[in-house]
> 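What follows is a single structure, and I will ask about it in a moment.
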2 protein chains.
Amino acid sequence: MSGVKNKSVNSTLNSAAKTKKIKIGRREELIQTAVDFFSENGFQGTSVRDIANKLGVSISVIYHYFNNKEELWSAIIEYSVKHLPEKLELAVMGGGHALERLRRLLRAHLTASSNYSKETIIFLSKQDRISETGELASKEIEIKVLYIYVQILEELQREGLVKAHNTKILAFNILGVINWYLRWYRSDGPLTADALYEEIITFILYGSVGVPPGSEQISRLSNQQNT
Amino acid sequence: MSGVKNKSVNSTLNSAAKTKKIKIGRREELIQTAVDFFSENGFQGTSVRDIANKLGVSISVIYHYFNNKEELWSAIIEYSVKHLPEKLELAVMGGGHALERLRRLLRAHLTASSNYSKETIIFLSKQDRISETGELASKEIEIKVLYIYVQILEELQREGLVKAHNTKILAFNILGVINWYLRWYRSDGPLTADALYEEIITFILYGSVGVPPGSEQISRLSNQQNT
DNA sequence: AAAAAGCTAGAACGATCGTTCTAGCAATTC
DNA sequence: GAATTGCTAGAACGATCGTTCTAGCTTTTT
């Protein structure tokens with residue numbers, strides 16, 4: 001921890017500082033470091049000193065950009081998971097058969113989670129939500145996402161394609177699969193992201209509608225216009 | 001927090017203490033309280049004082065039964081999740097077609113997780129594992145469970161019943177569904193546990209083998225003795 | 001009844017936590 | 001060039017953390 005102390009002699013600092021003062025966004029730097037720590041050790045398992053030390057700066061820097069530790073958490077959710085519902089709604093909104101739209105939804109969800117994997121892990125860590133504000137905001141996002149799935153599933157149910165009785169349970173099951181893969185997937189593995197997505201989507205589609213969802217069959221369903 | 005202070009006048013304490021000293025296992029009492037706190041606020045979000053205060057005792061009591069906070073965690077895992085692999089192995093070991101054994105496995109897993117829901121939630125909270133010992137023990141359990149699923153899935157794959165290419169991914173997907181339901185299921189809801197299990201198992205079986213797994217079809221498969 | 005063992009309260013320990021404050025440096029504005 | 005603003009270091013705050021220790025109480029053993 002107390003490694004090479006910066007003696008901060010004014011004259012020597014100038015030369016070194018000048019090269020270092022590229023300022024590629026201290027705020028973003030702080031957030032990114034916080035993401036690494038929060039996702040690895042949890043919000044409660046991370047101290048503001050951990051983040052400051054990692055960047056080799058004083059804790060004052062953190063409190064200059066954020067009012068408190070929790071604002072750091074909020075800032076992370078803000079640019080990442082916050083906009084997940086809109087993205088998912090956009091994915092299901094387009095045309096096509098409901099099965100096709102569900103497939104698009106799943107792919108969009110997997111992509112979004114993958115793009116913000118660490119942030120999503122932080123978001124999903126229920127035990128780390130302290131404040132009432134953060135808790136409410138999180139719940140709202142979760143409910144929105146759940147509702148998007150329930151909606152499309154009920155549409156499929158009306159067409160008789162969903163055998164399950166309870167679409168809400170079905171939606172939870174789907175969310176389980178999608179959210180769980182962040183825990184075990186390592187991008188440095190032999191599997192391409194796309195192959196993985198297909199495997200997961202196939203599992204979910206089989207589990208939801210119980211038929212091999214080939215695109216041919218979907219288009220056939222679309223054309224025959226159900227009564 | 002500092003409510004009615006126990007003045008601990010010796011004479012008055014005797015009469016009150018005598019009725020209270022039923023001693024229904026302080027250790028178990030501590031563990032159960034720890035389970036409540038750990039599952040709700042996380043290991044790091046729970047202080048030993050929280051547990052002691054909840055029971056209205058001194059923190060010395062905790063340190064009399066446990067050497068440190070983490071031993072409390074270990075004790076929880078010990079009686080609950082620790083024996084999960086054995087239970088699951090027992091479930092798949094019996095006779096019957098592989099599909100039937102998978103179904104038994106799923107039911108056993110759901111039952112075990114449900115019986116120790118809070119403990120399982122604690123176990124699944126990755127960010128709370130601090131010590132190297134606990135981390136290794138947890139990993140071992142996880143791997144064992146995963147392997148049990150991979151084994152039965154590969155058996156099904158050899159029979160051509162599993163369409164998925166990667167049984168490991170498939171196993172992870174299944175684990176996602178099973179572990180996720182602890183997050184949203186509330187036993188005080190309108191759903192019976194048994195109906196819920198069937199819904200989840202159906203989803204997984206559809207997702208795994210893609211056919212409605214009625215018991216009639218399974219027995220037919222068993223009888224015709226595959227080449 | 002005496003001795004040993006089990007259990008508990010309460011104070012105290014150093015360490016670390018989130019947060020605040022002051023003061024000085026660097027960059028920008030005027 | 002002076003004044004203002006933006007940024008940072010470092011010390012310090014009270015609170016709380018996990019843990020230890022002492023001493024006294026209760027129960028069991030002898």
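Chain naming here is simple, since letters A, B, ... match the order of the sequence lines and numbering starts at 1 in each.
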> In whole Å, what is the span from the CG atom of B/Asn53 to the C1' atom of C/dA9?
13 Å
> Would you mind reading off the distance between B/Asp50 atom CG and D/dC17 atom P, rounded to a whole angstrom?
6 Å
> What's the CD-P distance between B/Glu71 and D/dG18, to the nearest Å?
15 Å
> Kindly point out which of D/dA12, C/dA9, D/dT8 is positioned nearest to the side chain of B/Val61?
C/dA9
> Atom CD1 of B/Ile51 to atom P of D/dC17: distance rounded to whole Å?
11 Å
> Going by an N to O cut-off under 4.0 Å, is there a salt bridge joining B/Arg101 and B/Glu155?
yes
> Hey, does A/Ser47 reach any base, or is it just sugar-phosphate, or nothing, if we go heavy atoms under 4.0 Å?
sugar-phosphate
> Answer yes or no: is there an ion pair linking B/Lys168 with A/Glu199, defined by an N-O contact shorter than 4.0 Å?
no
> Please compare A/Ser58 and A/Arg49 by the position of their nearest nucleotide in DNA chain D and report the one closer to 5'.
A/Ser58
> Taking only the side-chain heavy atoms of B/Ile59 (C-beta and beyond), determine which of D/dT20, D/dA12, D/dT8 contains the nearest atom.
D/dT20
> When you measure from the side-chain N and O atoms of A/Arg26 to the phosphate of D/dT8, is any distance below 4.0 Å, counting only OP1 and OP2?
yes
> Answer whether the closest heavy-atom distance between the side chains of B/Leu106 and B/Leu205 falls below 4.5 Å.
yes
> Check this for me: does any side-chain nitrogen of one of B/Glu142 and B/Lys139 sit under 4.0 Å from a carboxylate oxygen of the other?
no
> For A/Asn68 and C/dT20, give me the distance from atom CG to atom P, rounded to whole Å.
8 Å
> Do B/Phe38 and B/Phe43 have ring centres separated by under 6.0 Å?
yes
> Looking at A/Glu198 and A/Arg103, is there a salt bridge between them, counting it only when a charged N and a carboxylate O are closer than 4.0 Å?
yes
> If each of A/Ser60 and A/Val48 is mapped to the nucleotide of DNA chain C with the nearest heavy atom, which maps nearer the 5' terminus, i.e. the 5' end?
A/Val48
> Whole Å only: how far is the CG atom of A/Asn41 from the C1' atom of C/dC17?
15 Å
> Given atom CG of B/Leu55 and atom P of C/dT8, what is their separation to the nearest angstrom?
10 Å
> Could you check which of D/dC7, D/dT19, C/dT20 has an atom nearest any side-chain atom of A/His64?
D/dC7
> For the OG1 atom of B/Thr167 and the OH atom of B/Tyr149, what is their distance to the nearest 0.5 Å?
14.0 Å
> So which nucleotide from C/dT19, D/dT20, C/dC7 ends up closest to the side chain of B/Tyr63?
D/dT20
> Bend across the helix from C/dA1-D/dT30 to C/dC30-D/dG1, to 10°, with axes taken over 5 pairs at each end?
10°
> Nearest whole angstrom, please: distance from the P of C/dC17 to the NZ of A/Lys69.
9 Å
